[in-house]
Amino acid sequence: MKNIILIGYMGCGKSTIGRNLAKISGCKFLDMDRAIEEKAGKSIMQIFEQDGEAAFRDMETAYLQELLTAEKGKIISTGGGIPVREENRRLLKQLGTVIYLKVRPETVYERIKGDKTRPLLQCDNPLVRIQEMLKIREPLYEDCADIIIEADERKQQEISGQIKEDIL
Ligand code: S3P
């Protein structure tokens, strides 16, 4: 079986849907953000503060390269900024079937307001930041996606069920 890779903006449900999909399909689940935190021995917030965003992006690229040579058949959830680098988009396409969980800015805002673990959204007006970032990122997510799923209204369990039935 190929890998299934979930991409999309922060708060779109990548980790929850990925974990659930792994459970119902019996596949291994891998959350890239958590794996990078473990490797670095610090949280994403600390990586951004101490080493900077570029260092975090390097870690993402290095980890994608590692995954290319690892065992296949995993469900992989990614960090929301992974497709920003052209090289990452190329690596994602090689790694398996890429599913983009598409959500509106308002959905993201409702889900993540008050969250203190996402460095890029610690600002005075997170909704505007989300709108601006999505405008730039949407074409990039779409560029590397094999499949696009609208994930605003539907229950996350239902989406995992659909992926299992239609794609796995
Ligand atoms: C980021 C998304 C985060 C995490 C980091 C940067 C981004 O992952 O990788 O804070 O640039 O959108 P989630 O999408 O899992 O929140």
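Atoms considered below: every heavy atom in the structure, side chains included; atoms not considered: hydrogens, waters and symmetry mates. As the structure lists them, so they are numbered: ligands from 1, and atoms in each ligand from 1.
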Counting both backbone and side chain atoms, is some N or O of [X] under 3.5 Å from an N or O of ligand 1?
X      : answer
Glu60  : no
Lys14  : yes
Arg137 : yes
Asp33  : yes

Pull out every atom of ligand 1 sitting under 4.0 Å from any heavy atom of [X], numbered as shown with elements.
X      : answer
Leu120 : 7 (C), 11 (O)
Phe56  : 9 (O)
Gly81  : 1 (C), 7 (C), 11 (O), 12 (O)
Arg118 : 16 (O)

Whether [X] side chain and [Y] backbone form a donor-acceptor pair below 3.5 Å:
X      : Y      : value
Lys72  : Leu68  : yes
Arg137 : Gly80  : yes
Arg89  : Cys144 : no
Arg129 : Leu120 : yes

Distance-only polar pair, side chains of Gln65 and Glu60, donor-acceptor under 3.5 Å: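 Distance-only check fails for Gln65 and Glu60.
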
Side-chain H-bond candidate by donor/acceptor type, Ser15 with Asp31, under 3.5 Å: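 Short answer, yes.
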
For atom 10 (O) of ligand 1, the option (of Gly13, Pro119, Gly8, Cys12) bearing the nearest heavy atom: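 Nearest option to atom 10 (O) of ligand 1, by heavy atoms: Pro119.
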
Option of least heavy-atom distance to atom 11 (O) of ligand 1 (set: Met10, Arg57, Glu53):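 Checking each option, the heavy atom nearest atom 11 (O) of ligand 1 is found in Arg57.
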
Solution key, residues 16-30 side-chain donor-acceptor pairs under 3.5 Å, sequence neighbours excluded:
{"unit_1": "Asn20", "atom_1": "ND2", "unit_2": "Ser160", "atom_2": "OG", "d": "2.8"}
{"unit_1": "Ser25", "atom_1": "OG", "unit_2": "Leu21", "atom_2": "O", "d": "2.6"}
{"unit_1": "Lys28", "atom_1": "NZ", "unit_2": "Glu71", "atom_2": "OE1", "d": "3.3"}

Enumerate donor-acceptor pairs with a distance under 3.5 Å from any side-chain N or O in residues 161-168 to protein atoms, sequence neighbours excluded.
{"unit_1": "Gln162", "atom_1": "OE1", "unit_2": "Arg154", "atom_2": "NH1", "d": "2.9"}
{"unit_1": "Gln162", "atom_1": "OE1", "unit_2": "Arg154", "atom_2": "NH2", "d": "2.9"}

Protein heavy-atom partner closest to atom 5 (C) of ligand 1 - residue, atom, separation in Å: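 Among all protein heavy atoms, the one nearest atom 5 (C) of ligand 1 is Ile44 CG2, 3.8 Å.
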
